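Remarks on the structure that follows.
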Amino acid sequence: MPTGRAARAVRAVSNGGPASTAVPGRRPSAAQVRAAGGLWAAASAILAAGAVAAGAVPQAELLRAAHTARLAGLHRAEGAALAVVRHLRATRDPQGAHRAHRADELVTSLRELLLVTHRLKAADPDPELIGGVPHNHRADGPLRLYGVCREPVVGPGGAGGVVTHLVDDAGRWYTLRDVGPGGPARARRAGTAHVAVRSFLSDHERLSRGGLVVTGGVVAPDGRLLAERGVRATFAAGRPWADAVPATAAPDLLGSGHAPALTGCDVRIVAADGDEVLVHVLTGDAPGPTVRLAPAHRHPALAHTANLRRLGACPGLEVRVLGRVDPRRVTTLRPLAVGPVHGATTTLRLPQEWQERADLGYDLLADAHFPAGAHCPPPPRVTAADACPVDSPLRRIRDLVELAVTGGRRAAAEPAGDGDRAGHVAALRRGGFATGADLFGALGAVAARRPRDAFGRPARDDQDQYAAQWLATAVYLTGTEAALARGLWHR
């Protein structure tokens with residue numbers, strides 16, 4: 001495993017960062033160490049081959065190793081292995097959609113699998129590495145929930161629907177889902193469709209702007225509300241959107257939340273950039289960092305793109321946005337809803353029945369929703385600083401990490417030649433990412449190395465070293481992006 005700053009980055013992220021509260025426990029048994037070693041070997045073979053070449057045989061080897069891990073009680077490692085196989089099959093599906101997003105999911109699941117098994121085969125006593133079988137949770141008392149927004153869902157295999165996000169008084173997120181076959185057309189219709197929780201019947205639009213009291217509530221590990229026996233629900237009043245959506249809600253790129261938390265902030269529109277919008281995050285009197293708002297979905301059946309174009313046509317407008325940080329561009333937010341900024345003179349004027357929010361996938365912004373008599377000036381000239389957010393050098397590392405997963409070791413060894421690799425390393429150093437530059441160069445070098453014996457014949461493949469180098473790079477990327485996102489969005 002790489003040493004120095006890279007190794008420290010691996011330990012920091014794998015231990016959950018400075019806030020980790022894991023208590024050391026009993027060391028893994030010999031059987032668990034062997035099972036972890038088998039999973040590491042199978043995952044390393046898939047990484048070396050790449051998703052395009054990881055067919056039935058490598059997947060079967062990984063599934064066999066996952067079964068052994070289950071028998072040994074390694075629940076977290078088994079779950080990560082099954083996620084890798086699931087994403088491999090989705091990535092290799094010739095009819096599949098959202099291929100780029102699936103590649104990102106494959107990187108995440110493979111990083112998790114290699115990180116957990118690397119630590120387990122070293123007999124790390126951290127009990128979180130063992131994991132447990134996830135169980136649904138029944139709330140001890142009534143759940144008082146407040147609607148926040150609706151999110152259209154367009155998934156693989158022609159799936160479509162809606163997710164209504166709710167939050168409780170403690171800031172924990174919950175969801176009500178209605179997803180099925182039908183694609184974008186169904187996603188559009190589902191925004192106003194009925195939703196049932198046992199005998200309770202309402203619709204997603206009303207719930208997203210109101211509230212819910214659930215007794216005997218059953219909650220899945222990812223925050224989904226389940227309509228199990230004994231659950232009772234009644235409609236309740238909502239609360240002001242400004243109270244439900246903090247202006248500085250921090251993103252969770254490491255996936256450690258009760259449910260996928262959304263990120264909220266106040267921004268000032270700078271200019272349109274195609275279908276995207278450049279904005280300044282409001283951090284007081286001084287202009288904040290430049291970030292991008294990009295459509296959560298670009299399908300014409302949904303209103304995201306039209307709404308962002310309308311917002312981008314009014315520089316100087318101040319709005320509160322709520323959305324999800326793009327996992328591939330931490331300075332890009334894919335907003336799900338917008339609302340007015342209290343106290344701002346140039347902000348949205350939404351109808352009372354909208355309860356201070358517009359769901360960008362469903363509600364269509366019109367002239368009446370903008371300041372009365374306001375004339376939006378022509379978009380100002382976009383400066384180089386505005387057009388190139390701070391995370392752009394990190395894109396080089398992410399591109400290489402994803403290329404290694406999809407195209408395999410051979411693809412990672414050939415980023416258009418050593419000259420280009422040196423240019424990428426120099427750009428990372430200029431951007432202040434010295435450790436990232438070291439890891440980028442090392443990953444390309446290890447991928448290109450092919451050991452040979454004294455007679456010039458290919459020697460034993462150093463697959464373990466290549467997997468360890470990729471893991472160090474992927475973990476560094478995740479930790480650095482998470483730190484950058486916290487600095488941008490949590491102020």
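The shown structure was predicted, so the numbers you read here are calculated from the model rather than taken from an experiment. Positions are given from 1, in the same order as the sequence printed here. Just so it is clear, the values below take in all heavy atoms, side chains as well, and ignore hydrogens, waters and symmetry mates.
Between the CG atom of Leu439 and the CD atom of Gln469 there is a distance of 6.0 Å, given to the nearest 0.5 Å. Note: Leu39 CG to Arg34 CZ = 13.5 Å, rounded to the nearest 0.5 Å. Taken to the nearest 0.5 Å, the CG atom of Leu471 stands 11.5 Å off from the CG atom of Asp464. The line from CZ of Arg449 to CD of Gln465 is 4.5 Å long, rounded to the nearest 0.5 Å. To the nearest 0.5 Å, atoms CZ (Arg224) and CG (Leu226) are separated by 5.5 Å. Once rounded to the nearest 0.5 Å, the distance linking CG of Leu477 with CZ of Phe440 reads 11.5 Å.
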*Go through Leu74 and Ile130 one step at a time and tell me if the side chain to side chain contact (heavy atoms under 4.5 Å, CB included) criterion holds.*
CA-CA 5 Å; Leu74 300 180; Ile130 303 298; 3.6 Å; yes

*Carefully, step by step, assess Cys265 and Val321 under the rule side chain to side chain contact (heavy atoms under 4.5 Å, CB included).*
CA-CA 6 Å; Cys265 63; Val321 296; 3.8 Å; yes

*List the steps and the verdict of side chain to side chain contact (heavy atoms under 4.5 Å, CB included) for Leu302 and Arg188.*
CA-CA 6 Å; Leu302 303 170; Arg188 178 63 189 173; 4.2 Å; yes

*Evaluate side chain to side chain contact (heavy atoms under 4.5 Å, CB included) for Leu278 paired with Arg292, printing each intermediate quantity in order.*
CA-CA 5 Å; Leu278 297 175; Arg292 289 176 179 268; 3.5 Å; yes

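Counting heavy atoms from C-beta on, the side chains of Ser208 and Asp359 come closer than 4.5 Å. Within the 4.5 Å cutoff, side-chain heavy atoms of Leu63 are placed close to those of Leu82. Looking only at side-chain heavy atoms (C-beta outward), His280 and Thr290 come within less than 4.5 Å of each other. Leu88 is not listed as a side-chain neighbour of Ser109, based on a closest heavy-atom distance of 4.5 Å or more. Two residues are said to be in side-chain contact when any heavy atoms from C-beta on lie closer than 4.5 Å; Val330 and Arg395 fail this criterion. Within the 4.5 Å cutoff, the side chain of Arg309 has heavy atoms near those of the Asp275 side chain. Taking 4.5 Å as the limit, every side-chain heavy atom of Val279 sits out of range of all side-chain heavy atoms of Leu333. Counting only heavy atoms from C-beta outward, the side chains of Val291 and Thr332 never approach each other to under 4.5 Å.
Under the side chain to side chain contact (heavy atoms under 4.5 Å, CB included) criterion, Ala296 pairs with His304, Arg334, Leu336, sequence neighbours left out. By the ring pair (Phe, Tyr, Trp, His ring centres under 6.0 Å) test, His204 is found to be paired with no residue, residues two or more places apart in sequence or in another chain being considered.
When all heavy atoms are compared, the tightest approach of Leu428 to Gly436 is CD1-O, 4.0 Å. Shortest non-hydrogen contact noted between Ala294 and Leu308 is C-CD1, 3.4 Å. For Ser44 against Ala467, the heavy-atom pair with the smallest separation is OG-CB, 3.3 Å. Of all heavy-atom pairs between Leu225 and Leu176, the closest is CB-CD2, 3.8 Å. Residues Ala43 and Leu62 share a closest heavy-atom pair of N-CD1, 4.3 Å. Leu262 approaches Cys149 most closely through the heavy-atom pair CD1-SG, 4.0 Å.
Side-chain atoms of Arg150 do not come within 3.5 Å of backbone N or O of Ala337 as any donor-acceptor pair. In this structure, Asn307 contributes its side chain and Leu360 its backbone to a donor-acceptor pair below 3.5 Å. For the pair Tyr174 (side chain) and Leu166 (backbone), a donor-acceptor distance under 3.5 Å is absent. A donor-acceptor contact shorter than 3.5 Å links the side chain of Arg76 to the backbone of Glu128. With His299 contributing its side chain and Ala301 its backbone, the two residues share a donor-acceptor pair below 3.5 Å. In this structure, Gln32 contributes its side chain and Ser29 its backbone to a donor-acceptor pair below 3.5 Å. Panel note: side chain Trp470, backbone Val401; a donor-acceptor pair is recorded below 3.5 Å.
Taking the six-membered ring where the residue is Trp, Trp40 and His118 present tilted rings, their angle falling between 30° and 60°.
Considering Leu110, Thr108, Leu400, Val84 as possible partners of Val405, the one that fulfils the side-chain contact (heavy atoms from CB on, under 4.5 Å) test is Leu110.
Heavy-atom contacts from other residues, nucleotides or ligands closer than 6.0 Å to CZ of Arg410 number 12 or fewer.
A salt bridge does not link Arg138 with Glu228: none of the charged nitrogens is closer than 4.0 Å to a carboxylate oxygen. Looking at Glu276 and Arg298, a side-chain N of the basic residue comes within less than 4.0 Å of a carboxylate O on the acidic one, giving a salt bridge.
For the pair Arg409 and Tyr466, the cation-pi test (distance below 6.0 Å, angle within 45°) is passed.
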